[in-house]
Amino acid sequence: MSEINKPTRTRFAPSPTGYVHIGSLRTALFAFLFARASGGVNVLRIEDTDRNRLVDDAVENLLKVMNDLGIVYDEGYYLTDDGHAEEKGEYGPYLQSKRLEIYQKYVDELVANKKAYYCFCSQERLDDLRKEQTALKKPPMYDRYCRNLTDSEIADKLSQAKASGQNPVVRQAIPQDGQTIIHDLVFGDIAYDHKVLDDQVLLKSDGFPTYHLAVVVDDHLMEMTHVIRSEEWIPSTPKHLLLYEAFGWQAPAFAHLPLVLNTDKTKLSKRQGDVAVE
């Protein structure tokens, strides 16, 4: 939980992938109102690490929609008078693709402290593993093969990878015993046994972080006190809490919002109606 004597800092951190989803607007609204009600700061950070889904001018469109609805940001990205997206604040850059050196630094720290490890497995091996687990009706999870490599084996594989120009990914070393409890401000306490958590990828082979690493590093460095997001991120939260613990950082308070649903109680999607705020 966050320290109560800290000024409230919330953030909205969308991906620039096109239109503004009505569910995203709801999350943005909660973060904005919570910050305003507590006299805090509301930040707009752009999470653009999924390079395959980027859409031109998506940030400008997002800011226009938010401005039209009266949701303004104290820090991060804002819309200039001539319609361009620019950033302001002391914790930037607020665009994740400009923060790659920062993520690399913290990944190196995790690897050095045995809280993360290099994974050299090919996509073919991972696909075969997933097929085998599915056939056995087991949840698809990485089998930690590379977690058990010796230091000399790792050094050899790193040398080979460098020579071939193929970088390994870096995976989180989830503890194999015990459990993590989320103290959620909406759902209450939720316990996860570590044995059901996957050793997720933190850094991809292209040098870009996954959401899981970037969100923890950014929320800490930008001094967020409260993380308000959709309940679909609850299963990822124990992994994030373990990262905070691995770094020795104080975790923020988490508030996960129930999903926006269709009338038939399924998740609101483009296939079942208009979901764009525009």
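Put simply, the side chain of R229 never gets that close to the backbone of T27: no donor and acceptor are under 3.5 Å apart. S15 places a side-chain N or O within donor-acceptor distance of the main-chain N or O of E47, the cut-off being under 3.5 Å. With hydrogens and angles disregarded, a donor-acceptor distance shorter than 3.5 Å links the side chain of E278 to the backbone of V20. Without hydrogens or angle criteria, N61 side chain to D57 main chain gives no donor-acceptor distance under 3.5 Å. With hydrogens and angles disregarded, no donor-acceptor distance shorter than 3.5 Å links the side chain of D198 to the backbone of Q200. Counting only distance, with no hydrogens or angles, the side chain of D206 and the backbone of F208 share a donor-acceptor pair below 3.5 Å.
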Start with the C-alpha gap between F32 and L69, add the side-chain angles, then the distance that decides, and say whether side-chain contact (heavy atoms from CB on, under 4.5 Å) holds. CA-CA 12 Å; F32 169 69; L69 295 172; over 6 Å; no
CA sep, side-chain torsions, deciding dist, call: L241, H183, side-chain contact (heavy atoms from CB on, under 4.5 Å): CA-CA 10 Å; L241 289 172; H183 302 294; over 6 Å; no
When you look at L197 and T180, which way does the side-chain contact (heavy atoms from CB on, under 4.5 Å) test go after all the steps? CA-CA 10 Å; L197 303 178; T180 290; 5.5 Å; no
The test is side-chain contact (heavy atoms from CB on, under 4.5 Å); show your working for M222 and V41 and say whether it passes. CA-CA 11 Å; M222 296 180 186; V41 173; over 6 Å; no
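For the residue pair D48 and Q96, no side-chain donor N or O sits within less than 3.5 Å of a side-chain acceptor on the partner. In this model, no donor atom of one side chain and acceptor atom of the other lie less than 3.5 Å apart for D218 and Y94. In summary, the side chains of Q104 and D108 do present a donor paired with an acceptor at a separation below 3.5 Å, with no hydrogens or angles considered.
Shown here for L259 and R26, the closest heavy-atom pair between the two residues is C-NH1, 4.5 Å. The two residues P209 and T49 have their closest heavy-atom pair at O-CB, 3.5 Å. Minimum heavy-atom separation, I228 to A31: CD1-CA, 3.9 Å. When all heavy atoms of R171 and C119 are compared, the pair lying nearest together is NE-SG, 3.3 Å. L203 approaches G207 most closely through the heavy-atom pair CD1-O, 3.5 Å.
Applying the ring-ring contact (aromatic ring centres under 6.0 Å, His included) test to Y211 and every residue at least two apart in sequence or in another chain returns W233, H240. Y118 meets the ring-ring contact (aromatic ring centres under 6.0 Å, His included) test with no other residue; sequence neighbours excluded. With sequence neighbours excluded, no residue satisfies ring-ring contact (aromatic ring centres under 6.0 Å, His included) with Y117.
Using a 4.5 Å heavy-atom threshold, the side chains of L44 and L63 count as touching. For the pair I182/P238, a side-chain contact is recorded, criterion being any heavy-atom separation below 4.5 Å from C-beta on. Using a 4.5 Å heavy-atom threshold, the side chains of V186 and F254 count as separate. Using a 4.5 Å cut-off on side-chain heavy atoms (C-beta onward), V227 and H256 make no contact. You'll find the side chain of V59 stays beyond 4.5 Å of the side chain of L95, heavy atoms only. Contact check for I46 versus P14: side-chain heavy atoms found under the 4.5 Å cut-off. Using a 4.5 Å heavy-atom cutoff, the side chains of D219 and R45 are in contact.
More than 12 heavy atoms of other residues, nucleotides or ligands shown are found within 6.0 angstrom of CD on E109. For D82, the CG atom counts as densely surrounded, since its 6.0 Å shell holds more than 12 non-hydrogen atoms of other residues, nucleotides or ligands. Around atom NZ of K204, more than 12 heavy atoms belonging to other residues, nucleotides or ligands sit under 6.0 Å away. Atom CG of D177 is surrounded by 12 or fewer heavy atoms from other residues, nucleotides or ligands within 6.0 Å.
H220 NE2 to F247 CZ: the interatomic distance, rounded to the nearest 0.5 Å, is 9.0 Å. Here the OG atom belonging to S38 is positioned 10.5 Å from the CG atom belonging to L33, to the nearest 0.5 angstrom.
Between K88 and E86 no salt bridge is recorded (no basic side-chain N to carboxylate O distance below 4.0 Å). Between D199 and R144 there is a salt bridge, with a side-chain nitrogen of the basic residue lying less than 4.0 Å from a carboxylate oxygen of the acidic one. Taking a cutoff of 4.0 Å between a charged side-chain nitrogen and a carboxylate oxygen, D127 and R130 qualify as a salt bridge. Under 4.0 Å is where a charged nitrogen must lie from a carboxylate oxygen, and between R125 and D143 at least one such pair does. A salt bridge links D151 to K114: one of the charged nitrogens lies within less than 4.0 Å of a carboxylate oxygen.
The one candidate from D74, N42, T10 that meets the side-chain hydrogen bond (donor to acceptor under 3.5 Å, both in side chains) condition with R36 is D74.
Remark: R11 fails to qualify as a cation-pi partner of Y91 under the 6.0 Å distance and 45° angle criteria applied to the six-membered ring.
If you look at F34 and H226, their ring centroids are closer than 6.0 Å.
In the hydrophobic clustering of ILVMFWY residues, with side-chain heavy atoms under 4.5 Å counting as a link, F30 and L261 come out apart.
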